[in-house]
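Since this is a predicted model, take the numbers as computed values, not measurements. For this chain, numbers begin at 1 and follow the sequence in order.
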Amino acid sequence: MTLKESVKTCFKKYATFSGRASRSEYWKFWLFWLLVMICLTIVNSIVFGPTLEVEQTLVVAQDGTRSIEETQQLSYDAGIFGVVFGLAVFVPGIAVASRRLHDTGRSGWWQLMPLAALLITVPILFLATLGWPGAIEVFRTIGNVKLQLGLGAGVFILFVFGCWLILLVWLCQSSRPGPNKYGPNPNEVPQ
């Protein structure tokens, strides 16, 4: 499947969450997204210019004198053009990911796994930093609770990263041969 065919298919199946999508359809759609975002970043910087970010830092010398150090950095983003494009491809992006997971024999709902992991970990970490006893017990072992909170946060970050990694591996897997409960193999059916 060519890049053009992939994009055409994904927009034709704008909100179609059933069926299967081949690896090439999925990854070429996201390649299209990346290329368009690069172009929109260039257009946005030509039309509106780069964003100037200024950061001020208070510096205290050994003799007690204070001064403010200022650093400036130019940044480029896709701006309003990127937001509009992102909204336009949000639904087909979710739909093609669902169809891609179907192609590997998994439910499209699995793409919520990293989000669910994040929704589980953030409140626990937040409540633990506030001193909620139930959340602190999650981290309490022999030693310093602050250290345990830091280690616990690290474990939770690894948990969320692991969920993203698992999803990425699934999206990279080859198609299950033959038809499955989500439909015929897209690599075996003429498009």
Side-chain angles (χ1 to χ4, degrees), residues 1-38 40-41 77-78 82-129 132 134-135 137-139 148-191:
M1 179 173 280
T2 66
L3 180 66
K4 183 179 178 181
E5 291 170 340
S6 173
V7 172
K8 187 176 177 182
T9 301
C10 287
F11 279 111
K12 190 169 102 177
K13 298 179 178 180
Y14 192 88
T16 303
F17 295 89
S18 60
R20 294 168 69 172
S22 65
R23 271 191 296 192
S24 64
E25 179 183 340
Y26 177 79
W27 289 109
K28 286 179 181 174
F29 178 75
W30 288 112
L31 174 63
F32 160 76
W33 176 87
L34 178 66
L35 294 173
V36 170
M37 288 303 280
I38 290 170
L40 291 177
T41 300
D77 59 29
V83 170
V84 170
F85 177 70
L87 290 172
V89 298
F90 180 75
V91 173
I94 300 293
V96 74
S98 290
R99 293 193 309 271
R100 178 71 202 116
L101 286 169
H102 290 170
D103 194 40
T104 64
R106 294 174 182 84
S107 170
W109 289 103
W110 278 109
Q111 62 187 310
L112 294 177
M113 178 177 51
L115 179 63
L118 200 62
L119 291 175
I120 290 168
T121 58
V122 169
I124 290 174
L125 289 172
F126 178 73
L127 292 172
T129 58
W132 183 59
E137 285 303 317
V138 172
F139 299 105
Q148 297 305 321
L149 281 172
L151 291 174
V155 167
F156 280 138
I157 289 169
L158 287 174
F159 173 64
V160 173
F161 178 73
C163 290
W164 277 109
L165 191 60
I166 290 168
L167 184 62
L168 179 64
V169 167
W170 288 346
L171 291 170
C172 290
Q173 284 182 339
S174 60
S175 300
R176 292 260 171 107
N180 66 15
K181 67 180 181 177
Y182 300 106
N185 187 329
N187 297 320
E188 298 171 358
V189 174
Q191 296 284 330

Q) Is the count of non-hydrogen atoms from other residues, nucleotides or ligands lying under 6.0 Å from Phe11 atom CZ greater than 12? A) yes
Q) If you take all heavy atoms of His102 and Phe17, which pair is closest and at what distance? A) CE1-O, 2.8 Å
Q | Heavy-atom side-chain proximity of Trp27 to Ser6 below 4.5 angstrom | A | no
**Q.** Under 3.5 Å donor-acceptor, Arg99 side chain and Thr16 backbone
**A.** yes
Q | Chi angles and distances behind the side chain to side chain contact (heavy atoms under 4.5 Å, CB included) call for Leu101, Leu167 | A | CA-CA 9 Å; Leu101 286 169; Leu167 184 62; 4.1 Å; yes
**Q.** Side-chain heavy atoms of Ser107 within contact of Tyr182, under 4.5 Å
**A.** yes
Q: Measure from the side-chain N and O atoms of Asp103 to the backbone N and O of Arg23, and report whether any donor-acceptor pair falls under 3.5 Å.
A: no
Q. Minimum heavy-atom separation for Arg100 to Ser22, with atom names?
A. CD-O, 3.7 Å
(Q) Working to the nearest 0.5 angstrom, can you tell me the gap between Trp110 CH2 and Leu171 CG? (A) 13.0 Å
Q. In Å, rounded to the nearest 0.5 Å, how long is the span from CZ of Phe90 to CZ of Phe85?
A. 13.5 Å
Q: Taking all non-hydrogen atoms of both residues into account, name the closest pair between Phe29 and Val89 and its distance.
A: CZ-CB, 4.1 Å
Q.
For a 4.5 angstrom cut-off between non-hydrogen side-chain atoms, does Ile166 reach Trp170?
A. yes
(Q) Working to the nearest 0.5 angstrom, can you tell me the gap between Glu25 CD and Glu5 CD? (A) 10.0 Å
Q: Please report the shortest heavy-atom distance between Met1 and Thr9, naming the atom on each side.
A: CE-OG1, 4.0 Å
Q | Heavy-atom closest contact (Cys163 atom, Ala117 atom, distance) | A | SG-CB, 3.7 Å
Q | Distance, nearest 0.5 Å, that separates OG1 of Thr121 from CG of Leu158 | A | 11.0 Å
**Q.** Heavy-atom donor-acceptor pair, Arg20 side chain to Pro186 backbone, under 3.5 Å
**A.** no
Q. For the residue pair Asn187 and Ser175, what are the closest heavy atoms and their distance?
A. ND2-OG, 3.0 Å
